[in-house]
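The structure appears below as structure tokens.
Here, residue 1 is the first one in the sequence, and each next residue gets the next number.
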Amino acid sequence: MKHSAHRAEAHRRAGLAAMRAQAWSQAAAEFERGTRLAPADALLWMNLTRARLGLRQLDAAIAAGREAVAADPAQPLARRLLADALVQAHRPAEAAEVFDALPPDSPRDHDWHNAHGNALLLAGRHADAVQAFFQALALKIDAPLAHYRLGLSFMHLGLRHEGVQCFRTAIALDDPTVRALALSLLVHEQRQTCDWATLDTDTAALLQAMDGADLALGQLLSPFALLAVEATPAQQRRMGALRARGLTEHIRPLPPPGPRRPGPLRLGYLSSDFHQHATAALMAEVLERRDRERFEVTLYSHSQSDGTALEQRVRSACEHFVDVSLLGHRAIAQRIRDDGIDLLVDLKGHTRGSRFELLAYRPAPVQLAWLGYPATTGADFIDYMVGDPVVTPLDHAPQYSEQIAQLPHSYQPNDRQRALPPAPSRAELGLPEDAAVLCCFNQTYKMSPHMLDLWARILHGAPRAVLWMLAWDPHAREVLTRELGQRGVPAERVFWAPKLGLAEHIARLRAADLFLDTWPCNAHTTASEALWAGVPVLTVPGPTFASRVAASLVHACALPQLACADEDAYVRQATALAQSPAELAALKQHLETRRLSLPLFDTDRFVRDWEALLERMAERALAGLPPAPLAAQPAV
């Protein structure tokens, strides 16, 4: 026994030396030999967990971590290592439970409470996370990361004011990494609540931080923060590339696949949104109406099931549904490879809940980004960005790391089975019967002082018009009313719509006359809902994908004149339309009578065009040709 213990100790020392040199494979081998000689030694199992984490072998790290906890359940560090492995494996609920189970009398320091809070935050247990971060800050009040995470927890609980204060504290503590992270959330929350007093200064600081970001910071900062601010296409591409590289620099692609198995093209979709979500709502009918003889479809889902009719509808429309929520990145990639997927579509990009980085393993011969993230991913492992001639003109190619692949009309699919109830009367909605009702139902983070300047000009030029907005946030409603008043628009000309379910929302939309779009981030699904309800959408296309979406949608409704050349044209046209009931009625009649034949809502045409585009991608790959720009071609 003593001899075995002596040999185990020798392996431990050798493993530690290898770990100091970051020779992770050698370290893991030494610790494994040690655990075979001393299987009850928690320290050896902890060191093996560290080594396997260094190798990014998450399943093996989790197994070693469980052995360490079993050997010494009261050891805080053993639990932290196991929880870290579980968090990296996208299993935060299990990680939180590991922390929860530490015996009450075991010591807990600041780092313990901070890590526990992070697991709770990621697991969606936000109230518990707040308590954990309070405990962390009680031990170290000047910890910027704990303040930042506390702010995130408050934000998820709807306590935006408290969240903003936490982000400001994190920024003041001046850790460069945390400062940039906090700035991105601070700017978003300021926009969401329309707290604009320091918005310009804070936005400039955010853009400066992103312009100076290195690879380490880039992998933490989401480029999504740039979509609603005045960021250039070059800034969006650089941040996308930094994040993609930072998330995947350790990944090595799978070995090249063998010969393609015969049969229809195998199409895979990867997302966490196969439930009651805008993405699922947009693509449901596309999945249902596809050519089942030419395409076999698999959904790779890391969604939480919500049991809704939409979730069931999307699942039922496909041959295969694979829940990958508990699998690591490499395991998902291997499953996709084993399934023989020819084309893999990522529906998330740089959005919350994304796992698009697993495409760096190159599980499929053709990999493309579509629908979920309105900008380049910046990733060199995504072959195509799906757009259309308006949202992604071919001369915008320098903005994209991917090759542009154009659908002939709009990149956005739609569902003709969505509700279209009759409109309630304006009296029922509290709207004036004889006014031109101009609406904007975008979330408030897409609005700005400049947009209010333009809307005030329109309302001054059309004295019988009123503005109708969605009451997203009580504080924002108060601010917007006050700000419009300062621009000479009295409160009695501003009307507010409560949040409603989709069918009720579309019904009331039909009472509006004109939808006023925003930029640099347009209405997306919100705009197609308005067009479906027969409400024309007025927009100004900008230089980025997110600022060109509404223009794409109105072109696909045969209303290109609603994509204005500039802001002055937007004001002139909105003002003229608001004073021309006949012209507004003609636009609405166009949408009402041609609804199902317009390209935006002709699902059968969209499916033919989509499948033809996918076949063009697959044909290039099968011929051994690299990805190339694919200009719009209507299906034959």
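A distance of 13.0 Å separates CD in Q367 from OH in Y361, rounded to the nearest 0.5 Å. Going from atom NE2 of H277 over to atom CG of L282 covers 9.5 Å, rounded to the nearest 0.5 Å. Rounding to the nearest 0.5 Å gives a distance of 8.0 Å between CH2 of W455 and CG of L480. Remark: H524 NE2 to K446 NZ distance equals 5.0 Å, nearest 0.5 Å. Annotation: the span from T177 atom OG1 to L221 atom CG amounts to 8.5 Å, rounded to 0.5 Å. The line from NE2 of H147 to CD of Q165 is 12.0 Å long, rounded to the nearest 0.5 Å.
Between the side chains of T444 and D473, no donor-acceptor pair is found at a separation under 3.5 Å. A donor atom on one side chain and an acceptor atom on the other are not found under 3.5 Å apart for D306 and Q304.
With respect to R508 and E504, no salt bridge is recorded, no charged nitrogen being found less than 4.0 Å from a carboxylate O. R168 has a carboxylate O that lies under 4.0 Å from a charged side-chain N of D202, or vice versa, which qualifies the two as a salt bridge. Salt bridge status for E94 with R66: present, with a side-chain N to carboxylate O gap under 4.0 Å.
Using cut-offs of 30° and 60° for the angle between ring planes, the Y445 and H188 rings count as tilted. Classification of the W370-Y269 ring pair by plane angle, with boundaries at 30° and 60°, yields tilted. Taking the six-membered ring where the residue is Trp, Y373 and F224 present tilted rings, their angle falling between 30° and 60°. Aromatic ring pairs are classed by plane angle as parallel below 30°, tilted from 30° to 60° and perpendicular above 60°; the pair Y411 and F545 is perpendicular. Aromatic ring orientation, H350 versus F356: perpendicular (interplanar angle above 60°, classes split at 30° and 60°).
Between H161 and F154, the ring center distance fails the sub-6.0 Å criterion.
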Subject >> Evaluation steps, side-chain hydrogen bond (donor to acceptor under 3.5 Å, both in side chains), between T544 and S547 >> reply: CA-CA 5 Å; T544 63; S547 67; 3.0 Å; yes

**OP:** Would you please test L183 and I171 for side chain to side chain contact (heavy atoms under 4.5 Å, CB included) and show each step?
**Re:** CA-CA 7 Å; L183 274 168; I171 291 165; 3.8 Å; yes

Subject >> Working for side-chain hydrogen bond (donor to acceptor under 3.5 Å, both in side chains), residues E567 and H450 >> reply: CA-CA 10 Å; E567 293 176 352; H450 183 60; 2.8 Å; yes

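Counting heavy atoms from C-beta on, the side chains of Q236 and L227 come closer than 4.5 Å. Side-chain contact check for L538 versus D517: every heavy-atom pair is 4.5 Å or farther apart. Between W196 and L452 the shortest side-chain heavy-atom distance falls below 4.5 Å.
A donor-acceptor pair under 3.5 Å is formed between the side chain of T376 and the backbone N or O of G378. At distances below 3.5 Å, not a single donor-acceptor pair connects side-chain atoms of S222 with backbone N or O atoms of A225. Looking only at distances, no side-chain donor or acceptor of T203 sits under 3.5 Å from a matching main-chain atom of D200. One N or O on the side chain of R79 and one on the backbone of V98 form a donor-acceptor pair closer than 3.5 Å. Between the side chain of S271 and the main chain of F274, no donor-acceptor pair closer than 3.5 Å is present.
Closest heavy-atom contact between L470 and P498: CD1-O, 3.6 Å.
The neighbour count for R313 CZ, taken as heavy atoms of other residues, nucleotides or ligands under 6.0 Å away, is above 12.
Considering H90, H250, H302 in turn, H90 is the only one that fulfils the ring pair (Phe, Tyr, Trp, His ring centres under 6.0 Å) rule with H329.
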